[in-house]
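Written out below as structure tokens is the structure these notes cover.
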Amino acid sequence: MKILKFGGTSVGSPERMTKLLNIINPAERQIVVLSAVSGTTNSLVEISSKLLKEDKESAITLINKLKESYNQFVATLLPAEEFREEGQEIIDYHFGFLANLANDIFTPIEEKVVLAQGELISTTLYHIYLKSIGVKSVLLPALDFMKIDEDHEPDVPFTTAHLIPLIEKHSDINLFITQGFICRNSFGEVDNLRRGGSDYTASLIGAAILAEEVQIWTDIDGMHNNDPRIVKGTKPIAKLSFDEAAELAYFGAKILHPQSVFPAQKYRIPVRLLNTMEPKAPGTLIAAESERGKIKSIAAKDGITAIKIHSSRMLLAYGFLRKVFEIFERYKTPIDMITTSEVAISLSIDFTDNLDSIVAELQDFGTVDIDHDQTIVCVVGDFRAEKHGYASRVLEAVKHIPLRMISYGGSEYNISLLINTEDKVEALRSLHNRLF
Ligand code: ADP
Ligand code: ASP
Ligand code: MG
């Protein structure tokens with residue numbers, strides 16, 4: 001069985017939705033994961049932020065505006081009266097629900113419920129559309145089988161146990177549709193896999209049912225060798241290993257959710273990145289093997305904070321790093337990059353909610369310096385030691401840019417540089433010109 005995930009732009013208009021059947025073959029057994037219609041989740045985030053600030057009037061204005069766009073969507077997607085009425089009922093139900101939430105106490109728990117509406121609406125409308133043209137499908141409620149634990153980690157065995165019976169119940173059906181992004185947390189509340197999380201849903205389902213392949217259908221022909229929003233002339237990469245793709249996704253290549261490669265990698269499910277607007281383009285295949293001997297791609301992740309701990313007591317002291325890492329562990333703050341010298345250690349984080357407490361504890365060890373507005377630039381490729389010369393090409397390309405940290409040798413397939421965010425565009429362009 002294959003998993004096909006379609007992102008926001010791929011379901012972004014009634015025309016796009018109807019064209020999905022050029023890609024989905026209703027004769028093949030598959031699970032189709034849909035995102036919200038593009039722009040919807042951003043609107044829902046905005047609505048929630050008004051409600052969290054108790055600005056009910058602005059929230060209602062935004063809710064009405066979004067509803068109006070869906071009224072139009074339904075009228076075009078479902079021209080036959082019977083189905084249009086069914087679609088309209090769905091819209092009225094979801095937007096009535098949102099308007100009701102605006103009348104009550106609004107907390108981050110309700111916010112998650114608001115954010116879930118986009119995928120609930122898109123999948124239901126698509127299901128009604130398929131019915132309207134006589135294609136049989138089953139709508140699977142992701143909230144019944146996608147679950148995260150108290151550390152936000154997904155529970156793949158839970159998905160296996162709850163999804164397989166749902167599929168087996170419908171042995172006569174080929175086409176299953178479900179929501180990306182949404183899940184339940186350890187309290188049973190509605191939650192989500194963070195922004196862009198539909199990719200993660202697809203990979204988790206692929207892992208849970210040991211799918212033949214996961215296909216991520218989006219608005220570009222695969223993973224490019226640099227960020228196409230910033231650099232001109234980027235090109236798609238035919239093949240990536242799981243490690244390479246994971247690194248690029250984690251360090252900012254927006255085409256994939258940062259965690260989405262891991263489940264596929266663990267269960268060895270190949271992932272293809274494909275273009276809905278150009279279905280014949282080969283796209284990118286992510287699998288265990290990749291082509292060696294090349295620099296593949298460059299990605300950048302903003303919003304990084306660098307922390308330097310300077311301590312003369314570190315000199316020759318064993319156990320020092322453990323004590324430092326324990327502080328980050330206690331505050332559930334992942335470390336991205338790390339470099340050490342005899343007297344200092346520098347590291348970078350992107351989750352800064354607990355920064356003040358972390359710094360207060362680190363000050364017991366020595367002087368602590370903080371730099372905000374940093375960016376990690378990550379160059380992914382074959383950096384085995386015998387490929388000498390590649391690292392120097394990378395450094396040569398950024399010799400005119402101040403470097404805060406360099407990380408090389410942590411793996412065989414990446415070099416990461418920490419720079420000021422204001423230098424990012426120049427760094428990406430210069431690396432692109434020198435490396436490709
Ligand atoms: P979807 O809504 O289908 O999930 P996204 O907007 O999340 O789509 O991801 C696709 C976008 O990712 C592309 O339109 C492109 O602008 C951006 N992107 C950033 N870096 C890369 C990259 N290295 N390769 C391809 N696309 C990238
Ligand atoms: N709709 C969600 C978002 O915009 C999930 C996704 O599109 O992948 O973040
Ligand atoms: Mg996305």
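Quick caveat: nothing in here was measured; it's all calculated off a predicted structure. We use all heavy atoms of the structure for the numbers below, so side chains are in, but hydrogens, waters and symmetry mates are not. In this chain, numbering begins with 1 at the start of the sequence shown.
Using modelled atom types, one finds a donor on one side chain and an acceptor on the other under 3.5 Å when comparing D221 with H224.
Ring pair Y70/F73 is tilted by interplanar angle, where 30° to 60° counts as tilted. Relative orientation of the W217 and F6 rings is parallel, given thresholds of 30° and 60° on the angle between their planes.
For M405 against L347, the heavy-atom pair with the smallest separation is CE-CA, 3.9 Å. Across all their heavy atoms, L418 and S348 have their closest contact at CD2-CB, 4.4 Å.
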Could you walk me through whether D144 and H162 satisfy the side-chain hydrogen bond (donor to acceptor under 3.5 Å, both in side chains) test, starting with their C-alpha distance in whole Å, then the side-chain angles of each, then the deciding distance to 0.1 Å, before giving a yes or no? CA-CA 7 Å; D144 289 356; H162 290 80; over 6 Å; no

The test is side-chain contact (heavy atoms from CB on, under 4.5 Å); show your working for F97 and Q117 and say whether it passes. CA-CA 9 Å; F97 179 73; Q117 302 306 307; 3.6 Å; yes

Worked check of ring-ring contact (aromatic ring centres under 6.0 Å, His included) between F158 and F145: CA-CA 7 Å; F158 179 92; F145 57 83; 8.8 Å; no

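The distance from the CE atom of M223 to the OG1 atom of T234 is 11.5 Å, given to the nearest 0.5 Å.
Partners of Y267 by ring pair (Phe, Tyr, Trp, His ring centres under 6.0 Å), not counting sequence neighbours: none found. Here Y250 pairs with nothing under the ring pair (Phe, Tyr, Trp, His ring centres under 6.0 Å) rule; sequence neighbours left out.
Within the structure, every pair that satisfies the side chain to side chain donor-acceptor pair (under 3.5 Å) test and touches residues 197-213, not counting sequence neighbours, is listed here: K5-D199, S35-S198, E213-Q215, E213-R272.
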